Student: 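Input: one structure, supplied below.
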Amino acid sequence: MIFWRSVSPAKSRSAPFAADDRQREAIEHVHGPMLVIAGAGTGKTSVLIQRIARLIEQGHARPDEILALTYTVAAAAEMRDRLRALLGKKIRCTTFHDFCFDLLKRAGKDFGVLEENDLWIHLRKRIPELHLEHYVRAANVGQFLTDLLDFLSRCHDELLTPETYANYVTKLERGELAIPRVAKSKDQLSDDEVLGRCREISRVYALTEQWLLEENLGTFGHMMTRAYALLMRDETLLAAERARSPFILVDEFQDANTAQIKILAALAGESANLFGVGDPDQAIYRFRGASSAAFQLFGRYFSQTKLVVLGKNRRSTTAILQCAFAVIDKNPPVFSSTDHTSYRRSPLQSARDQDAKKSEAMILSSPVDAVSFPAKEAEASDIVRTIEGIRRTTHCQWKDFGILYRTHSHRDELAHELADRNIPFNIENMDVSDTPEVRDLFACAAVVVDVGSDASLFRVAALPQFDVDPEQLRSALRAIAGQSKEGTAVPLASVLGTVSGGHDVLDCVRRARDDVSRQNAKTRVALELIAKLFGSGVKSAAVQTALKFAAEWENKPTTKSKELGEWLEYLQYFREAGGAIAMTANANEDAVRLMTVHGGKGLEFSHVFVLRATTPSFPASYRETLVEFPEALRDPDSASAGDDKTLHDQEERRLFYVAMTRAKDTLHIYGKRGIGRDKTPAGMMREMISNSRLQPYLRARAALPSQPELIDLAAAADAHPAESRLAAWLALPAVGDLGARLSASAVETYETCPLQFKLEREWRLSRELHAAAQYGAAMHRVLRTYFDSIRLGRPKSDDELLKIFCDDLAACGLEDDYQRELYRQQGTQQLEDFLAASHVSLPPQVLHTEEWFEVQVAGTKVAGRIDRLDRSADGRVNIVDYKTGKARSQQEADESLQLSIYALAAQEKWGYRVGDLAFYNLQGNVAVMSKRTDFQLEEARARVLDAARGIANGNFEPKLGFHCSFCAFRGLCPAREKRIPHSLAPAPAELDPLD
DNA sequence: TACCTTGACATTTTT
DNA sequence: TGTCAAGGTA
C-alpha cells in the first residue's frame, strides 16, 4: 500500500491518505481519457487531487497546464485550497460556468447575466410584444411563461438554436414528423392548434434570443451555448485553448449536461487527456439540465476510455450501505449493453467494518432504523427523542445530526418540535420572505414609496413601537365602510390620521421618505435606513438576508434606477415568478442541521434522519411539463432511454440513495404508515422492509406515541417569541354579530377559513379587486342590460351591447393595459357567442334579472342576488347564474351551495316552484343544468346553520391549506408567518459582509 | 385485471 | 385547485 501525503487536515484526517489499489490506478493514470466511477464516500475528490499532484511531481504537466472543473464555487475553492496546501502552487480550479464565461470575456463576448427569475421578469414586462395567442390567459397573464422558459432552457441544454426549432416546425407543417405534445395530455388539441402552438413557441424562442442579444444579456445556459459556438467557429482559439490546458479533470461528472460534455470533447481534442470523476447513481440535477446519461456519453465520445471503479466506502457502516444498495439497484444499469463495458453496480464495501473485523474490534453497527408514524406530529416527536437518546449515549455534538427531506415544507413540524425542546438547529436555504421581520420591513418600504398601499400600511400601523388603538381603528374603518358605497375604497391613511397613535405612524412614514430622498438613498441603503427608523430588527439574520438580496439586485444588469420604487415592482414580479429569498445557515455552528436532500449532497453526518419517505412526498410524484421536448429534436448522442416519467422516478430513487449515503453511523428513515392492508409506509421503505435479504440490516418499528406533556413549557415560550402585535390585533374578539346576515359565498368563505371570513368583515380594508372580478362584473352588467332590454320590448343590437361592454370595461380601472385588452378580446368573443346562440333559440320568459333577496334560512338571515329567473313551460321557475371565469362542471353545479340557496330563496321570497338550476358558462357558452331534491336543500340549510353557529360561538381559527395562496390576507395572516426560532439566528459577526 | 372512487399532496435550485 | 396513485370493487 502506498501512502500519499495528507491533503485534508481540515477534515481531521490526520493520517496520510492511504490509497487502495483502485484509487492508485486512477491516481497514477497519465495520458488518455479516463472515467472514475466513485461511489458515495469512496474518496473521489482526494483521488482527483492526488492525481493532479502526481502529474506535476512526476513532470507530466506544469501546474498551469492543468484545468480542474467543478460545478460549485465552494467546491472549486476547496479544491484550490487543498492543492495549494499540498503543492504550494496555484492550480486552475474553477466552475464550468466561470471557465466558459472567462473564455467569452477574453474574446470580448461577455454579457450581463440574468438568473432564471430575472429572465422571467424580463419577458413578463415585455409580454405584449410576444403577441401570444395560445400561451396566455387574461386572468393570469404570466401563467405560461414558466412553462415556456422551461422549454427554452431545455433547448439550451441540448444546444438547440431557434433556427433549428423553426426548421423543425416547418417539417411538422409539411407533415413529415409526428405531432408533439404542447399541452397537458388530457387536453386533446387539433393538429392545427398544435401547429399554432409550435409556431408560437418558435416565435417566443427567436424573439427572446434576439432581445437578449440586442441588450447584451444572457443566462447561465448561454455561458455554455455561446462558449461552445465560439470554440466551434474559431479554430485558432480552439487550438490555443487546447494548448493551454492539456490536462483536464472534472469533478462531479454525473452533473454534466450535453452541452458541457461537447465543450469538454472539443477542448480535450486528439490527445484526450480528460479525467472525469463522479457517481452516476448520485446524478440528481436532471431538472437543471444534467444529462442522466453523462457517463455513457463520455464513453461514446472517447472509445478508448479507461474505466476505474472505486468501491471501498470509508464513510458508512455495512448496514447503511446494504440498504442503500438495495434501493439504488432497482434502477437500470448505468451503461446499456451496447456500451461495451463490464461495469456492473455492486454494493460498496464498508472499509470501517472491514478494518474493525481485521482488528477484531467490536462492531457497533446498528441496523437502519425504519420508523412508521401515524401523523406528522408523531414523526417530529420521535425524531427529537431519538436525537436526545443518541446524544445522551454517545456524547456527540449537535452538528453530527443531519436531517434531510425532499421539500422545504416537510421540515415545519420538526423545526417546531426542536425549538420546543430547546435543541439548537439551523435550516439551510430557508425562504425568509414569510418571516415577520422581513414582512415588516417590506411593508414599511411599500408605504414609504406609496402610503396608499393599504395592506402594508395596516401592517406598519400594528408595529409595537407605535401606539395605535386597534379597537378604535377597527370601528373607524367599519363606520366609514358602512357609509360609503360598496367597492369605493377608503384609503387607510386617511382613517389612520383620525385614530389615536395614527399620527405617529404617518409621521414616521413621512420622515423616512424625506430621509431617503435627502440622502438620495438607493434600495439597500434605504431599506437599512427604514429598518432603523421603524425600529424593526436590522440585526436579525432574516433581515440581513433580505438586505443582501436587495444589494445583489442593485447590481443586476436589468436594474435601472436602483431606487426603492423600482425594487418593490421587481419584488412583486419576483414573487409571481416563484422566487424565494434563501438564507444561508452557518455550517460551523454546533446545531442540528436541517436541509433538503439536494442541499445535503456532498456532506456527511454521523446520524442522518430522512423525513416523509412515503409516496408521494418522497419519492415525489411525477408532474408532466406543459410542453414536451420532442423526440425528433433530441441530440442523437444524448437521447437517454425511457420517457420523462420513468426518468423522473429513477432520479427520485437516486435522490433517496444520496440521502441514505450521507450517514456515517446511524440512519433513520421515517415514513407515514400505509392506509391499506399493508400498513408499512408506501414507497421505498415498504420495498426495503419487505426485502428479506435486508433483514439483518434493517429494523422496522412504529414511532413512539407523542407525549406533549413532556414539553418544557418555559423553553417553548422562549423559543417562540411573543406573537406579533398584528397577530394580537387580528385575534381581537369580533365586534357585533358577524353572522347576522350571510350570503352563500360568506358561508363558503367561513367553511374554507374562519379567520379569513372574520378579517373580511371586520376590518374592511379596501382591497384591490381582482381583475377577474372586475371583468365578471362588467360582463354581468351587459347581460343584465340585454335581458332588461328584451323585457321592455326594445332589444338592443349586438353592436350596441358590445360597445356597452367595452366602455364599461375601459372604465373599471384595470391597471394593466395588456390584461384589459386580453379581457376585452375574451369578453367580445364570449358575448358574440352568447348572443349568436340566443338569437337562434326561443327567448326565455325572463321574470327577474339581478334580483336581490333576503330570506330566513335555518334561523339566519341570508341575502344574495340572483342573476336571472325564468318562467319555464311547466309553470316552474328556472334559475340561471352566469360564470365568467373558469367553466364550472356538472359536479360543481350539483354541489353548489350558491344554487341551493338561490333555490331556497326563490321558494321563500316569491313562493316559486323551482325547476332547473343552471350555471351558464360564458367560456364555452354552455349551461350546466342541475336540480335540487328536498334532501339537498336540507343539507344546504344545515351548512348555513353550522356556519352561523360557529360564527356566533366566536370560532375564527385560521385554517391553513392550499386556499391560502389565493387569500387576500396572505401577507398578514399570523398563521402563515414563519418564525425563526432563537437557535437559528447566527451571530451577526458571522454573516456575509454586505457588499 | 381493469376500472372507479377517495385521500393526500403541492419540487428540488450548483451557476 | 389539480393531480396522482393507493386501494377497493366489478
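Since this is a predicted model, take the numbers as computed values, not measurements. In what follows, chains are A, B, ... by sequence order, proteins preceding strands, each numbered from 1.
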Student: Among B/dT15, C/dC4, B/dA10, find the nucleotide with the atom closest to the side chain of A/Ser621.
Tutor: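 Looking only at heavy atoms from C-beta outward on A/Ser621, the closest nucleotide is C/dC4.
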
Student: Could you check how far CZ of A/Phe287 sits from C1' of B/dT15, rounded to whole Å?
Tutor: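 Distance, rounded to whole Å: 12 Å.
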
Student: Please determine, by modelled atom types, if A/Asn691 and A/Glu687 share a side-chain donor-acceptor pair under 3.5 angstrom.
Tutor: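 The answer is no; no qualifying pair exists.
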
Student: What is the distance, rounded to the nearest whole Å, between atom CG of A/Asn140 and atom P of C/dG2?
Tutor: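 Result: 12 Å.
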
Student: Take atom C1' in C/dG2 and the same atom in B/dT11, then report the distance between them in whole Å.
Tutor: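 To the nearest whole Å, 16 Å.
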
Student: Among the candidates B/dC9, B/dT12, C/dA6, find the nucleotide nearest to the side-chain atoms of A/Thr596.
Tutor: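 That would be B/dT12.
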
Student: A quick test of your reading: do over 12 heavy atoms of other residues, nucleotides or ligands sit less than 6.0 Å from NZ of A/Lys376?
Tutor: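 Check fails, neighbour count at 12 or below.
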
Student: Given atom CZ of A/Phe962 and atom C1' of C/dC4, what is their separation to the nearest angstrom?
Tutor: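 To the nearest whole Å, that distance equals 14 Å.
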
Student: Identify whether any heavy atom of A/His408 sits under 4.0 Å from a base atom; if not, whether one sits that close to sugar-phosphate; answer base, sugar-phosphate or nothing.
Tutor: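 Sugar-phosphate only.
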
Student: Using a cut-off of 4.0 Å on non-hydrogen atoms, how would the nucleic acid contact of A/Arg612 be classed: base, sugar-phosphate, or nothing?
Tutor: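 Since no nucleic acid heavy atom lies under 4.0 Å of A/Arg612, the category is nothing.
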
Student: Closest nucleotide of DNA chain C for A/Gly674 versus for A/Phe966: which of these residues is on the 5' side?
Tutor: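 Its nearest nucleotide lies further toward 5', so the answer is A/Phe966.
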
Student: Can you tell me how far apart CG (A/Leu899) and CD (A/Glu892) are? Round to the nearest 0.5 Å.
Tutor: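 Nearest 0.5 Å value for the CG-CD distance: 11.0 Å.
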
Student: Which whole-number value in Å describes the distance from A/Met684 CE to C/dA6 P?
Tutor: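 Rounding to the nearest Å, CE of A/Met684 and P of C/dA6 are 12 Å apart.
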
Student: What heavy-atom pair brings A/Glu241 and A/Phe99 nearest, and what distance separates the two atoms?
Tutor: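 Taking A/Glu241 first and A/Phe99 second, the nearest heavy atoms are OE1-CZ, 4.0 Å.
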
Student: Nearest-Å distance, CG (A/Leu626) to P (B/dT11)?
Tutor: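 Result: 17 Å.
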
Student: Grab the CD-C1' distance between A/Glu252 and B/dT13 for me, whole Å please.
Tutor: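 Roughly 15 Å, once rounded to whole Å.
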
Student: Out of the candidates A/Phe111, A/Phe96, A/Phe220, only one should pair with A/Phe101 under the ring-ring contact (aromatic ring centres under 6.0 Å, His included) rule; please name it.
Tutor: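 Checked A/Phe111, A/Phe96, A/Phe220 against A/Phe101; only one passes ring-ring contact (aromatic ring centres under 6.0 Å, His included): A/Phe111.
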
Student: Within this structure, what is the CD-to-C1' distance between A/Glu652 and B/dT11, rounded to whole angstrom?
Tutor: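 So the CD-C1' distance, A/Glu652 to B/dT11, works out to 8 Å.
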
Student: When the C1' atoms of B/dT13 and C/dT3 are compared, how many Å lie between them, rounded to an integer?
Tutor: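 Pairwise C1' distance, C/dT3 against B/dT13, rounds to 23 Å.
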
Student: Mapping A/Gly961 and A/Ile675 onto DNA chain B by nearest heavy atom, which one lands closer to the 5' end?
Tutor: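 Counting from the 5' end, the first nearest nucleotide belongs to A/Ile675.
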
Student: Just compare B/dA8, B/dT14, C/dG7 and give me whichever is closest to any side-chain atom of A/Lys672.
Tutor: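 Between B/dA8, B/dT14, C/dG7, the one nearest the side chain of A/Lys672 would be B/dA8.
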
Student: Distance criterion of 3.5 Å, no angle test: do you see the side chain of A/Arg623 paired donor-to-acceptor with the base of C/dT3?
Tutor: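 Donor-acceptor pair under 3.5 Å: no.
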
Student: Using a 4.0 Å heavy-atom cut-off across all strands, classify A/Phe96 as base, sugar-phosphate, or nothing.
Tutor: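 The answer is nothing, as A/Phe96 stays clear of every strand by at least 4.0 Å.
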
Student: Expressed as a whole number of angstroms, how long is the span from A/Lys184:NZ to C/dT3:P?
Tutor: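 My rounded result for the distance is 5 Å.
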
